[in-house]
Number of protein chains: 2
Amino acid sequence: MSDLFAPLDDHPAYRQIANQIEQRIVERTLRTGDALPSETDLARQFGVNRSTIREAIRELEVHGLLGRERGEKRLRVTRPEPRRVSSGVSRALALNDVTFMELWEAMMAIEPAAAQYAALRRSAGQMRGLANASVRFKRESTDTGTAVAAVVEFFTAVAAASGNQVLALSQAPLNLLLVPALTQVIDRVPQARSRIQAAQDRIIEAIKLKKSDQARVWMEKHIRDFKRGYDLKP
Amino acid sequence: MSDLFAPLDDHPAYRQIANQIEQRIVERTLRTGDALPSETDLARQFGVNRSTIREAIRELEVHGLLGRERGEKRLRVTRPEPRRVSSGVSRALALNDVTFMELWEAMMAIEPAAAQYAALRRSAGQMRGLANASVRFKRESTDTGTAVAAVVEFFTAVAAASGNQVLALSQAPLNLLLVPALTQVIDRVPQARSRIQAAQDRIIEAIKLKKSDQARVWMEKHIRDFKRGYDLKP
DNA sequence: GTGGCAGAATTGTCGGACAGTCCGATTATC
DNA sequence: GATAATCGGACTGTCCGACAATTCTGCCAC
């Protein structure tokens, strides 16, 4: 079953260095906001060339563990932001040819839950975010592109209002996948706009009134409706 | 409200190059399995130094868009694997101090759905994967570490059996977060092992018989039970 | 076809270099 | 005294050239 010998994989220096730095960050020896030593200094500490350090740093930068403020030169330890991380997941899914069905099932699992918790915990600011997205959809839905963007914004706002980072981070990758399907529905189904608008209104109302069960149910219906619109291809 | 001028952000060369290569991959000009030109060649094509190319390549490698077969020298275009991508999400969440409640809510959203679809679509091989995980838990649950690992394997197997990549990729990051909480429960609650075992048996049975509603319900109960065990801290 | 081999190609790493920019301190100005 | 201009040092982004180790490739023998 399992091999007797494990293949020995040599880790190049830049990978080992990346791992070491990452470990310091995860174990919080390097804490969020701390500035990293300069590349020259790191090169000295690790006893390698600066080029090698730079390659290691690139990895951590991509992971979102290191970053710099706008216009700043020095790198500092940062918390990986959901958006940054989720974009990687999105790309992975897009490249793996996700079907509409897969996307829809995941939405059915995540979005209603997000709506439910949003109704329980939304802050005033988050409520405003929701309202904004909805207003934008109402006002700018003539162009398909902006309409789709507004819908995505709505879902994101719901996830944010749920006050649950895990749900929010699970929801985020769905957005990118959603775009093509949603574009198609809005383009082809005449009544799509009004139905989406009505659904958003109901969901927002339920979240505003903190009626979590209703919020969940309306969101479920909204997403079922989305599938109906998608399946309706003439 | 909004500024007159947007801040100009200069993208360093290595980032631009990474983006260009990424675009070729996403638009499938470079297809999965294709070998990338050598670093020297890329440097010539982009008109930059090889060091710059290397930094760009590191980014794409981290994203999982480039990789190499074991012992191979040349890089080739690869599909980002769920595991690789999800580990980044896990780390992001861990660094953001996710609470047990957040994790639990997300599990309640995703795992029952995964179980439900698994019951509808599981293949024979996936069924075996489930059984294996369950057997391993039964047999090796004396040590807390291996017991936890077996539980994680079970959840992963369910997600895989769901035949839904999006759900699977949403579920994967939960595993790492699950470990500390689960360890605590198994360590402190004497009857945890037997309850988990019973729950797994019921879920597997439902999936085997393709009873999707039951699979979902049992999984819900399983996860509710997990929370009960966690809240029970003496 | 299989196996072996020499030479070419490629990667990982190194050292050094330089322009552009950011930062902190110092000096000049009101 | 507070603010503005100035200046030197530090740091990053990029380049050049180089070399050992390993992989790839075409060729030859069997």
Side-chain angles (χ1 to χ4, degrees), chain A residues 5-22 24-25 30 32-78 84, chain B residues 3 5-22 24-25 30-78 84:
Chain A
F5 296 107
L8 38 82
D9 39 8
D10 71 316
H11 295 259
Y14 59 81
R15 186 163 301 284
Q16 294 179 49
I17 291 173
N19 286 338
Q20 281 203 41
I21 298 178
E22 173 180 333
R24 293 289 182 289
I25 294 176
L30 282 169
T32 305
D34 286 359
L36 209 65
S38 76
E39 296 175 356
T40 320
D41 200 22
L42 284 173
R44 186 188 51 74
Q45 290 188 40
F46 282 105
V48 300
N49 191 277
R50 190 159 78 95
S51 311
T52 308
I53 293 290
R54 294 195 109 242
E55 295 191 34
I57 285 180
R58 281 300 85 75
E59 290 200 5
L60 301 171
E61 217 173 0
V62 170
H63 281 314
L65 266 55
L66 296 180
R68 62 191 101 222
E69 305 293 318
R70 270 205 42 70
E72 256 206 354
K73 191 157 256 191
R74 292 181 328 182
L75 275 171
R76 39 186 69 247
V77 178
T78 55
R84 166 184 285 284
Chain B
D3 293 336
F5 297 106
L8 37 82
D9 39 9
D10 69 317
H11 292 260
Y14 60 81
R15 186 163 301 285
Q16 296 179 48
I17 291 172
N19 286 338
Q20 281 204 40
I21 298 179
E22 173 180 333
R24 293 290 182 288
I25 295 176
L30 283 169
R31 276 169 304 179
T32 306
D34 286 358
L36 208 65
S38 76
E39 296 175 355
T40 319
D41 201 22
L42 284 173
R44 185 187 53 75
Q45 291 188 39
F46 282 105
V48 300
N49 192 275
R50 190 160 77 97
S51 311
T52 308
I53 293 288
R54 295 195 109 241
E55 295 192 34
I57 285 179
R58 282 298 89 72
E59 290 201 5
L60 300 171
E61 216 173 0
V62 171
H63 281 312
L65 266 55
L66 296 180
R68 60 191 100 221
E69 306 292 318
R70 272 200 34 68
E72 258 203 353
K73 187 157 257 191
R74 291 162 57 183
L75 277 171
R76 40 185 69 245
V77 179
T78 55
R84 166 184 285 283

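Everything quoted here is computed from the prediction, not taken from an experiment. Chain letters run A, B, ... following the sequence lines, proteins first and then strands; every chain starts at 1.
- Note on B/Ser51: every side-chain N or O is 4.0 Å or more away from OP1 and OP2 of D/dG13.
- Taken from CZ in A/Arg54 to CG in A/Asn49, the straight-line distance is 11.0 Å, to the nearest 0.5 Å.
- Taking a pair as Watson-Crick or G-U wobble with both distances under 3.5 Å, the runs of three or more consecutive pairs in DNA chain D are C:1-30 with D:1-30.
- In this structure, B/Arg44 and B/Asp41 have side chains that are in contact, with non-hydrogen atoms separated by less than 4.5 Å.
- Within the 4.5 Å cutoff, the side chain of A/Arg15 has heavy atoms near those of the B/Glu61 side chain.
- For the atom pair OG1 (B/Thr52) and CD1 (B/Ile57), the distance works out to 11.0 Å, reported to the nearest 0.5 Å.
- Regarding B/Leu42, its CG atom lies at a distance of 14 Å from the P atom of D/dC15, rounded to whole Å.
- Between A/Tyr14 and C/dG12, a side-chain N or O to OP1/OP2 separation shorter than 4.0 Å is present.
- At whole-Å resolution of the value, CG in A/Leu75 and C1' in D/dT12 are 9 Å apart.
- Using a 4.0 Å cut-off between a side-chain N of Lys or Arg and a carboxylate O of Asp or Glu, A/Glu69 and A/Arg76 do not qualify as a salt bridge.
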Check step by step if side-chain contact (heavy atoms from CB on, under 4.5 Å) holds for B/Arg24 and B/Val77. CA-CA 10 Å; B/Arg24 293 290 182 288; B/Val77 179; over 6 Å; no

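- A straight line from CZ of B/Phe46 to C1' of D/dC15 spans 17 Å, rounded to a whole angstrom.
- Side-chain proximity of B/Glu39 to the nucleotides C/dT11, D/dC15, C/dT13 is greatest for C/dT11.
- Rounded to whole Å, the distance from CG on B/Asn49 to P on C/dC14 is 16 Å.
- Minimum interatomic distance between A/Ile17 and A/Ala56 (heavy atoms only, all atoms of both residues): CG2-CB, 3.7 Å.
- In this structure, A/Ile17 atom CD1 and C/dT13 atom C1' are separated by 10 Å, rounded to whole Å.
- For the pair A/Asp41 CG and D/dT12 P, the computed distance is 10 Å after rounding to whole Å.
- The side chain of B/Arg58 lies closest to C/dG12 when the candidates are D/dT14, C/dG12, C/dT11.
- Between B/Arg15 atom CZ and D/dT12 atom P there is a gap of 15 Å when expressed in whole angstrom units.
- Between A/Glu59 and B/Arg58, the shortest heavy-atom contact is OE2-CD, 4.1 Å.
- In this structure, the CD1 atom of B/Ile53 is 14 Å from the C1' atom of C/dT10, given to the nearest Å.
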Start with the C-alpha gap between B/Leu65 and B/Ile21, add the side-chain angles, then the distance that decides, and say whether side-chain contact (heavy atoms from CB on, under 4.5 Å) holds. CA-CA 10 Å; B/Leu65 266 55; B/Ile21 298 179; over 6 Å; no

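- The residue B/Arg68 sits close only to the backbone: its heavy atoms come under 4.0 Å of sugar-phosphate atoms, none of a base.
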Protein proximity profile, nucleotides 18-23 of chain D - base contact B, sugar-phosphate-only contact S, no contact -, cut-off 4.0 Å on heavy atoms: B--BBS

